[in-house]
J.: 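One structure coming up, written as structure tokens, with questions to follow.
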Amino acid sequence: MSKICVFAGSNVGNSPEYEQTATRLGELMAAKGIELVYGGSKIGLMGRVADAVLANGGRVTGVMPRGLFLGEMMHTGLTEFHEVGNMHERKALMSELSDGYIALPGGLGTFEELFEVASWAQLGIHKKPVGILNVKGFYQPIADMLTQAVSAGFMRDTNLGLMLFEENPSALLDKMAAYSPPEQANKWTELSK
Ligand code: AMP
């Protein structure tokens, strides 16, 4: 993996572990020569991970939709910056530029980006690893929701393997490097009868 797209909160959250993990992830990516692709903001965990990559000599590409966010939120120190027309173009370009995805803690924007890449992995649109940094158990309710979707018959258990949950950024990067996508079974139970 040479480029990872990171989805992250545009706020820092109210516990220091969130910022610490974003910073640690950025340091590790720089040390491993993995470029960061992200939303281009200077604020929140998005800004923290970008700052850490840059401070450690790494490369960062930001992709920001024109006019959607206030100008001062744009990170001005990035290696590369792409301005796009809207959120759809942003997600498409971030995806095209990356070999894998990581979600740090965040809110609705982060969840939406995470679920898009996870559901597209399920459809076989891409075969890239989707990592989830489960800092302080932040993503446990989503892990539980996915287990519930399997037990209620809405999701195949093999597709749980499309998302890699880890608390520690170093362990997550190792897991992602070793990832091979699960066997792509037919997603629709009614069609397998
Ligand atoms: P949220 O998790 O709701 O804070 O949203 C974070 C995600 O939504 C990021 O990964 C961005 O793609 C997008 N986003 C939300 N707020 C901003 C912002 N101020 N600047 C750039 N992107 C943002």
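In listed order, ligands and their atoms are each counted from 1. Computed from heavy atoms alone, side chains included, the values below leave out hydrogens, waters and symmetry copies.
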J.: Do any N or O atoms from the side chain of Thr61 and from the backbone of Glu80 form a donor-acceptor pair under 3.5 angstrom?
T.: no
J.: Donor-acceptor pair, Asn11 side chain versus Gly13 backbone, under 3.5 Å?
T.: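 No: the side chain of Asn11 does not pair with the backbone of Gly13.
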J.: Measure from the side-chain N and O atoms of Ser41 to the backbone N and O of Met73, and report whether any donor-acceptor pair falls under 3.5 Å.
T.: yes
J.: Looking at ligand 1, does any of its N/O atoms fall within less than 3.5 Å of an N/O of Thr110?
T.: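 Looking only at distances, the answer is yes, because the N/O contact criterion of under 3.5 Å is met.
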J.: Quick one: does any side-chain atom of Lys128 pair with a main-chain N or O of Ser98 as donor and acceptor, under 3.5 Å?
T.: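 Yes, the answer is positive, given that a donor and an acceptor are paired below the 3.5 Å cut-off.
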J.: Could you tell me, atom by atom, which parts of ligand 1 come under 4.0 Å of a heavy atom of Ala8?
T.: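 The list of qualifying atoms is 6 (C), 7 (C), 9 (C), 10 (O).
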J.: For Met94, is at least one N or O under 3.5 Å away from an N or O on ligand 1?
T.: no
J.: Which ligand 1 atoms are under 4.0 Å away from a heavy-atom of Ile43?
T.: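 Close to Ile43: 19 (N).
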J.: Relative to the heavy atoms of Gly9, which atoms of ligand 1 are at a distance of less than 4.0 Å?
T.: 2 (O), 4 (O)
J.: Students often mix this up, so state it plainly: with edges at 30° and 60°, are the rings of Phe7 and Tyr101 parallel, tilted or perpendicular?
T.: parallel
J.: Report the part of Met46 in contact with ligand 1, treating N, CA, C, O as backbone and CB onward as side chain, heavy atoms under 4.0 Å; options are side chain, backbone, both, neither.
T.: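 The part of Met46 near ligand 1 is the side chain, not the backbone.
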J.: When you measure from atom 19 (N) of ligand 1 to every protein heavy atom, which one gives the shortest distance, and what is it?
T.: Met73 SD, 2.8 Å
J.: Could you establish whether Arg90 and ligand 1 come within less than 4.0 Å of each other, counting only heavy atoms on the residue side?
T.: yes
J.: Backbone or side chain, does any N or O of Gly109 fall under 3.5 Å from an N or O of ligand 1?
T.: yes
J.: Looking only at protein heavy atoms, which one is nearest to atom 17 (C) of ligand 1, and what is the separation?
T.: Phe69 CE2, 3.3 Å
J.: Yes or no: does Met64 have any heavy atom under 4.0 Å from an atom of ligand 1?
T.: yes
J.: Indicate yes or no for a side-chain donor-acceptor contact from Arg90 to the backbone of Val63 under 3.5 Å, with no hydrogens or angles considered.
T.: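 Such a contact is found between Arg90 side chain and Val63 backbone.
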J.: Could you tell me whether Glu112 and Lys91 make a salt bridge, using a distance below 4.0 angstrom between a side-chain N and a carboxylate O?
T.: yes
J.: Does this structure show an ion pair linking Lys32 with Asp174, if we count only N-O contacts that are shorter than 4.0 Å?
T.: yes
J.: Check each atom of ligand 1 against the heavy atoms of Gly106 and keep those under 4.0 Å away; list them by number with element.
T.: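 Reading through ligand 1 atom by atom, the close ones are 2 (O).
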J.: What residue and atom, counting heavy atoms only, is the protein's closest point to atom 10 (O) of ligand 1, and at what distance?
T.: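 That would be Glu113 OE1, 2.5 Å.
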